[in-house]
Amino acid sequence: MKNKNKTVWSNRFKSKTSQSFQKIGSSIHIDKRLYEQDIAASIVHTQMLSKQKIIKSEDANKIINGLKKIKAQIDKGNFEFKEKFEDIHLNIEKALFDIIGPSAGYMHTARSRNDQVVTDFKLWIKDASKEILKDISLVMKNLLKKAEKNTDTVMPGLTHLKNAQPISFAHYLLSYFEMLKRDKKRFENNLNLLDECPLGSAALSGTSYKIDRTYTAKKLGFKKPTDNSIDSVSDRDFAIDFLYASAVCAMHLSRLAEDFIIYNSDAFKLISFKDSMLTGSSIMPQKKNPDPAELIRGKVGINYGKLNAMLTIMKGLPMSYFKDMQDDKELVFSGFDTLKDTLTISAELINSVYANKSNMLFMANQGHTTATDFADYLVKNKNISFRESYAISAKLVNFAEKNKKLLSELSLEEVKKFYKDLDKSVLKVFDVKNSMNMKKSHGGTSMINVKSMIKKYKKEI
Ligand code: ARG
């Protein structure tokens, strides 16, 4: 029992670890989240060692049973994680000695913590990516539901935050559907890229034992083993990829949140939220503030920060493993937790939003948003160039502005001041709904297009 509190390297060391170093050197409070992956990988590694006759099957069985007991203890919250034993790998190995005795000493044959930690971490990121994929799908589903109810809701499409052209609220919502679709592909690509198992690379050079890395890789659900032992233990691209995909996804949601905040503002009044997604003020009794949207907008800062930190840790790091990399897990875990919260609240926020249709229609009419439609009408019907018709339409806008009229309020006689040869069919182009529904080009905002896109998206999801 005198070994019970000793580190595995105690025989080589003359003095005890400094207390302050132990505090920052230990990562157990963070990497205990890897326990399931660590135990799963240790079980497969042990099975492989036994299959290859590197260790005896009796020892292997003891190890596997012991590991299962440890998993059950941790699951139930009955396991004491010790800072002294640094990380999840050594905590579990120490506990295994306590449970099965000296047979535990055979488990760490032909591996190192360097390949062990990357294997665990890759397995964890695989699961986390799958969870994020599900969460993104829910946000997409809710966007689709909201879009379906708003295919003929006309709103002002904005560029530079200035009224540009009339669009369908559904089409606007579906622009985010496309962004999230790309986010899913990013996470899926990452899953594909990281699908190589590093276990068996050992410290950095491989091992002289006759291990079967393909067996280990396959049993752990990887496509194949990694091909270079040095790269295997020093590669953290998969963590960077995860953090990048998370940052981009959080950025998309931040843009959606900002749109919603602007559209909900008293200046715009285009959308409202259910009270369950608002907060009041401690002093102003009238207030209803869109805090959830503001949190979504802000959280992306955390995701950018974690990505930046990870890239900086890796910059200029020589081959191969260094302790610098230990902080990768805090960054990825926190990036994951943040994005997960953001996705959950975004899905709810989208459900809680409703369009103030009359305000949307009113605002779609402000700012001469059909000026391009008039120019297009002249090109199509009067055989003049777009630059020529653009100039005529600009003059018409100046006239309407001076007379404080909407384009749709102009009479045929007034319009004819700018182009003589016109009949009343031209007046239709100033109708914002008509403008929207004329945009039938592929990917355009017409109701017909949007409805068929919704049909297509529904099959995809
Ligand atoms: N906890 C360590 C990490 O996360 C495990 C690998 C330690 N290897 C070593 N040689 N110190 O990076």
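Just so you know, ligand 1 is whichever comes first in the structure, and atom 1 is the first atom listed for that ligand. Below, each value reflects all heavy atoms present in this structure, side chains not excepted, and no hydrogens, waters or symmetry copies.
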Output side-chain donor-acceptor pairs under 3.5 Å for residues 308-324, partner residues at least two apart or in another chain, one line each.
from	atom 1	to	atom 2	distance (Å)
Thr312	OG1	Asn308	O	2.6
Lys323	NZ	Glu86	OE1	2.6
Lys323	NZ	Gln326	OE1	3.2

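For Lys122, there are no salt bridge (Lys or Arg N to Asp or Glu O under 4.0 Å) partners at least two apart in sequence or on another chain. Here Lys130 pairs with nothing under the salt bridge (Lys or Arg N to Asp or Glu O under 4.0 Å) rule; sequence neighbours left out.
Between Asp183 and Arg186 there is a salt bridge, since a side-chain N of the basic residue sits under 4.0 Å from a carboxylate O of the acidic one. Lys299 has no carboxylate O lying under 4.0 Å from a charged side-chain N of Asp341, or vice versa, which leaves the two without a salt bridge.
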Could you go through ligand 1 and list every pair where one of its N or O atoms sits under 3.5 Å from a protein N or O, giving the atom names and the distance to one decimal?
from	atom 1	to	atom 2	distance (Å)
ligand 1	1 (N)	Asp87	OD2	2.8
ligand 1	1 (N)	Gln326	OE1	2.8
ligand 1	4 (O)	Lys329	NZ	2.6
ligand 1	8 (N)	Asn114	OD1	2.8
ligand 1	10 (N)	Asn114	OD1	3.2
ligand 1	11 (N)	Arg113	NH2	3.4
ligand 1	12 (O)	Tyr321	OH	2.3

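Judged by the 6.0 Å distance and 45° axis criteria, Lys126 is positioned over the aromatic ring of Phe222.
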